[in-house]
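Because the structure is predicted, anything quoted here is derived from the model rather than measured. Letters A, B, ... mirror the listed sequences (proteins, then strands); counts begin at 1.
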Protein chains: 2
Amino acid sequence: MHAENFEKVMHGLGSGFDALRTAPPVACMRCTLRDLCLPLGLMEDELDHPEIQIGKRRKLVLGQPAFRAGDPFEMIYAVRTGFLKTEMLAADGRSQVTGFQMAGEVVGLDGIGEGFHNSTAIALEDSEVCQVPFNELEALAEQEPSLRRQLHKIMSREIMRDQGVMLMLGALRAEERLIAFLLNLSERFASRGYSPVEFHLRMSREEISSYLGVKVETISRAFSYLRDVGLIAVHKKHIRLLDITALKARLATPATGKSPRF
Amino acid sequence: MHAENFEKVMHGLGSGFDALRTAPPVACMRCTLRDLCLPLGLMEDELDHPEIQIGKRRKLVLGQPAFRAGDPFEMIYAVRTGFLKTEMLAADGRSQVTGFQMAGEVVGLDGIGEGFHNSTAIALEDSEVCQVPFNELEALAEQEPSLRRQLHKIMSREIMRDQGVMLMLGALRAEERLIAFLLNLSERFASRGYSPVEFHLRMSREEISSYLGVKVETISRAFSYLRDVGLIAVHKKHIRLLDITALKARLATPATGKSPRF
DNA sequence: CGCAGTTTTGATTCATCTCAATTTGTGTGG
DNA sequence: CCACACAAATTGAGATGAATCAAAACTGCG
């Protein structure tokens with residue numbers, strides 16, 4: 001979906017706002033996600049708070065939610081390790097996956113507006129997130145212009161990401177959606193130092209199909225087709241992109257008539 | 001689409017940041033969109049700045065863009081009167097309408113992240129917007145906690161809105177999408193004091209179809225069908241919802257198998 | 001009043017869904 | 001470690017919704 005959304009991410013370690021004064025276990029400055037994260041901006045201007053940190057780490061086992069729709073909104077969550085999915089529930093109980101998040105990406109931003117989360121975030125594998133109390137973050141952002149800008153960028157990027165998904169759902173056919181999805185994963189893995197051509201899907205076909213707005217069978221067929229034409233290699237959840245250029249080309253052309261590219 | 005998104009809106013009048021000190025033509029406090037807007041929060045806490053205002057009014061004639069994709073990001077825009085559409089351009093030149101905005105709604109938030117707009121906002125009728133310089137807004141928000149919260153809410157609501165559209169595009173069939181669209185307009189008109197059952201569409205069928213991710217012919221057929229079954233009355237762009245309850249019911253049931261409502 | 005663009009309607013084709021069966025994978029307990 | 005039971009994924013065949021191609025009706029405008 002959408003060219004680049006290796007989102008800069010928000011995170012923090014330790015706990016509480018007074019962390020500004022006390023030296024916490026692991027400061028944001030030393031966090032491994034430093035440059036993907038909120039403190040990125042922080043560091044630029046505010047090197048006088050080397051130990052700044054907000055939020056605390058929390059482990060999630062496979063299937064465990066970070067938060068559920070309806071929960072009061074208090075935190076936003078930065079993925080430190082692992083893989084999450086977010087899903088929205090329709091009124092009739094059916095749900096739709098709205099995104100997959102990997103290290104350095106943020107979930108929970110949708111809760112700000114209404115005071116409660118309207119989506120659910122679930123770990124697709126054992127993961128670790130950094131819980132950031134939003135009101136503390138806001139307060140801190142007040143004092144740190146670069147942090148404030150970073151927060152706004154993160155929210156803005158989420159808006160862009162969502163709009164990219166809209167474009168994909170509105171304009172691409174099933175097979176193209178899958179290609180866009182795979183290419184998007186590829187980019188995100190690449191930007192994290194992993195192989196862009198070979199990776200492991202953490203989500204089920206069902207979850208992919210929900211995200212892409214088609215039925216599981218259709219996704220399965222699309223996988224098979226791309227394998228048959230030699231564009232990808234599939235071994236259960238292990239994917240290898242055999243010809244990224246050709247895959248991109250399939251997105252760049254309106255194929256049968258609908259619009260292309262994400 | 002999506003229950004409520006009569007977005008609180010950001011606006012301002014006059015111009016420049018120094019407006020904090022000089023008395024501008026029309027202060028936010030006296031703006032007719034006051035309670036839909038950013039100053040909403042402002043007023044709660046900061047009654048000591050009765051003349052506060054940022055941004056300036058700008059008229060747009062039908063078809064005129066407030067900004068274009070690629071333009072450097074400097075302002076966000078609150079619709080004061082009229083009707084806008086926002087659209088994203090795909091790599092191959094095709095475009096997709098990503099939203100329609102009416103009085104009290106904000107456009108341009110997607111530009112924050114990358115420093116340039118990645119969508120285009122165009123007036124669907126003669127309109128007036130309030131241009132708010134974003135960096136000034138950020139600076140002002142720094143001093144006004146309630147304004148800051150309001151800004152975050154607005155961004156968060158845009159995220160929720162987009163996710164609602166994702167759900168619609170991923171889960172509903174053409175006819176259901178149109179119903180969701182009409183019901184959404186209905187709510188937004190209602191929240192502005194207009195009739196929820198009778199209104200004028202400002203956008204073309206083409207634009208509706210782009211937004212809903214289907215072809216024009218399909219939208220036209222969906223209109224005709226809903227008319228034939230007595231759910232709506234259509235006279236060109238004038239729409240009357242004859243049975244809102246029944247329309248909602250069609251969204252609440254997985255119809256032929258796909259997911260409904262959202 | 002006639003032309004150009006938009007909207008509607010019709011007929012057909014095609015993509016995706018649906019239903020159903022099969023295969024493959026996974027976890028559990030013997 | 002194997003066998004079984006259950007879940008996930010694939011494949012097939014047919015039904016159906018939406019796209020496509022084509023043309024007619026309508027709308028607005030000079």
Side-chain angles (χ1 to χ4, degrees), chain A residues 61-63 85 94 96-97 124-125 168-182 200-229 232-239 250 253-260, chain B residues 62-63 85 94 96-97 124-125 168-181 200-229 232-239 250 253-260:
Chain A
V61 299
L62 193 160
K85 70 169 173 182
R94 282 189 58 92
Q96 157 119 355
V97 174
L124 290 179
E125 64 182 12
M168 172 195 74
L169 292 174
L172 301 188
R173 303 181 305 104
E175 175 200 313
E176 298 171 318
R177 292 182 198 188
L178 180 58
I179 293 175
F181 172 68
L182 293 174
H200 202 78
L201 298 176
R202 270 74 172 188
M203 68 295 288
S204 69
R205 299 287 195 267
E206 179 69 45
E207 286 158 341
I208 295 173
S209 76
S210 170
Y211 178 60
L212 298 181
V214 295
K215 292 295 164 197
V216 203
E217 296 93 325
T218 303
I219 287 300
S220 185
R221 286 184 233 277
F223 268 120
S224 300
Y225 173 74
L226 293 177
R227 162 173 48 73
D228 292 346
V229 296
I232 66 174
V234 188
H235 283 0
K236 56 178 242 165
K237 294 194 169 179
H238 194 84
I239 305 291
R250 297 218 167 207
T253 316
T256 309
K258 300 200 67 168
S259 173
Chain B
L62 193 159
K85 70 170 173 182
R94 283 189 56 92
Q96 157 119 356
V97 174
L124 290 179
E125 62 182 11
M168 172 194 74
L169 292 174
L172 302 187
R173 302 181 306 102
E175 174 200 312
E176 297 171 318
R177 292 182 198 188
L178 180 58
I179 293 175
F181 172 69
H200 202 77
L201 298 176
R202 271 75 171 188
M203 68 294 289
S204 68
R205 299 287 196 268
E206 179 69 45
E207 286 158 340
I208 295 173
S209 76
S210 170
Y211 178 61
L212 298 182
V214 294
K215 292 294 164 198
V216 202
E217 297 94 323
T218 303
I219 287 300
S220 183
R221 284 184 233 278
F223 268 121
S224 299
Y225 173 74
L226 293 177
R227 160 174 49 73
D228 292 347
V229 296
I232 66 175
V234 188
H235 283 0
K236 57 174 237 165
K237 294 194 171 180
H238 194 84
I239 304 292
R250 297 219 167 205
T253 314
T256 308
K258 299 201 70 170
S259 171

(request) Give me the residues of residues 219-228 of chain A where at least one heavy atom lies under 4.0 Å from an atom of DNA chain C, by number, or none. (result)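 The stretch gives A:R221 as the residues lying under 4.0 Å from the strand, ordered by number.
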Starting the side chain at C-beta, find the nucleotide from [options] nearest to [X].
{"X": "A:E217", "options": "C:dC19, C:dC17, C:dT9", "value": "C:dC19"}
{"X": "B:A174", "options": "C:dC17, C:dT9, D:dA18", "value": "D:dA18"}
{"X": "A:K215", "options": "C:dT7, C:dC17, C:dC19", "value": "C:dC17"}

Using atom [atom1] of [X] as one end and atom [atom2] of [N] as the other, report the distance to the nearest whole Å.
{"X": "B:I208", "N": "C:dT6", "atom1": "CD1", "atom2": "C1'", "answer": "12 Å"}
{"X": "B:L62", "N": "C:dT6", "atom1": "CG", "atom2": "P", "answer": "12 Å"}
{"X": "A:R177", "N": "C:dC17", "atom1": "CZ", "atom2": "C1'", "answer": "13 Å"}
{"X": "A:L169", "N": "C:dT16", "atom1": "CG", "atom2": "C1'", "answer": "15 Å"}
{"X": "B:K236", "N": "D:dT27", "atom1": "NZ", "atom2": "C1'", "answer": "8 Å"}
{"X": "B:R205", "N": "D:dT27", "atom1": "CZ", "atom2": "C1'", "answer": "12 Å"}
{"X": "A:R173", "N": "C:dC17", "atom1": "CZ", "atom2": "C1'", "answer": "15 Å"}
{"X": "A:L212", "N": "C:dT16", "atom1": "CG", "atom2": "P", "answer": "12 Å"}

Quick one: does [X]'s side chain get under 4.5 Å of [Y]'s, heavy atoms only?
{"X": "A:I219", "Y": "A:Y211", "value": "no"}
{"X": "A:K215", "Y": "A:S209", "value": "no"}
{"X": "B:L124", "Y": "B:E207", "value": "yes"}

(request) Could you tell me whether a side-chain N or O of B:R205 sits under 3.5 Å from a main-chain N or O of B:S220, the two making a donor and an acceptor? (result)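 Here the side-chain-to-backbone pair does not exist.
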(message) Please evaluate residues A:V214 and A:R177 with respect to the criterion side chain to side chain contact (heavy atoms under 4.5 Å, CB included), reporting the C-alpha separation (whole Å), side-chain torsions for both, the decisive distance (0.1 Å), and the verdict.
(response) CA-CA 9 Å; A:V214 295; A:R177 292 182 198 188; 3.9 Å; yes
(request) Using the side chain to side chain contact (heavy atoms under 4.5 Å, CB included) rule, take A:H200 and A:K236 through it: C-alpha gap first, then chi angles, then the decisive distance, then the call. (result) CA-CA 9 Å; A:H200 202 78; A:K236 56 178 242 165; 4.2 Å; yes
(message) Looking at A:E175 and A:R250, is any side-chain nitrogen of the basic one under 4.0 Å from a carboxylate oxygen of the acidic one?
(response)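 Salt bridge flag = yes for A:E175 with A:R250.
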(message) Over the length of the helix from C:dC1-D:dG30 to C:dG30-D:dC1, how much do the five-pair end axes diverge, rounded to 10 degrees?
(response)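 Roughly 40° between the end axes, to the nearest 10°.
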(request) Respond yes when some side-chain nitrogen or oxygen of A:T218 is under 4.0 Å from OP1 or OP2 of C:dT16, and no when none is. (result)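 Answer no for this pair, as no side-chain N or O of A:T218 is under 4.0 Å from OP1 or OP2.
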(message) Nearest 0.5 angstrom please: B:R227 CZ to B:H235 NE2, how far?
(response)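 Result: 10.0 Å between the selected atoms.
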(request) Given side chain to side chain contact (heavy atoms under 4.5 Å, CB included), test A:F223 with A:I208 step by step and report yes or no. (result) CA-CA 11 Å; A:F223 268 120; A:I208 295 173; 4.2 Å; yes
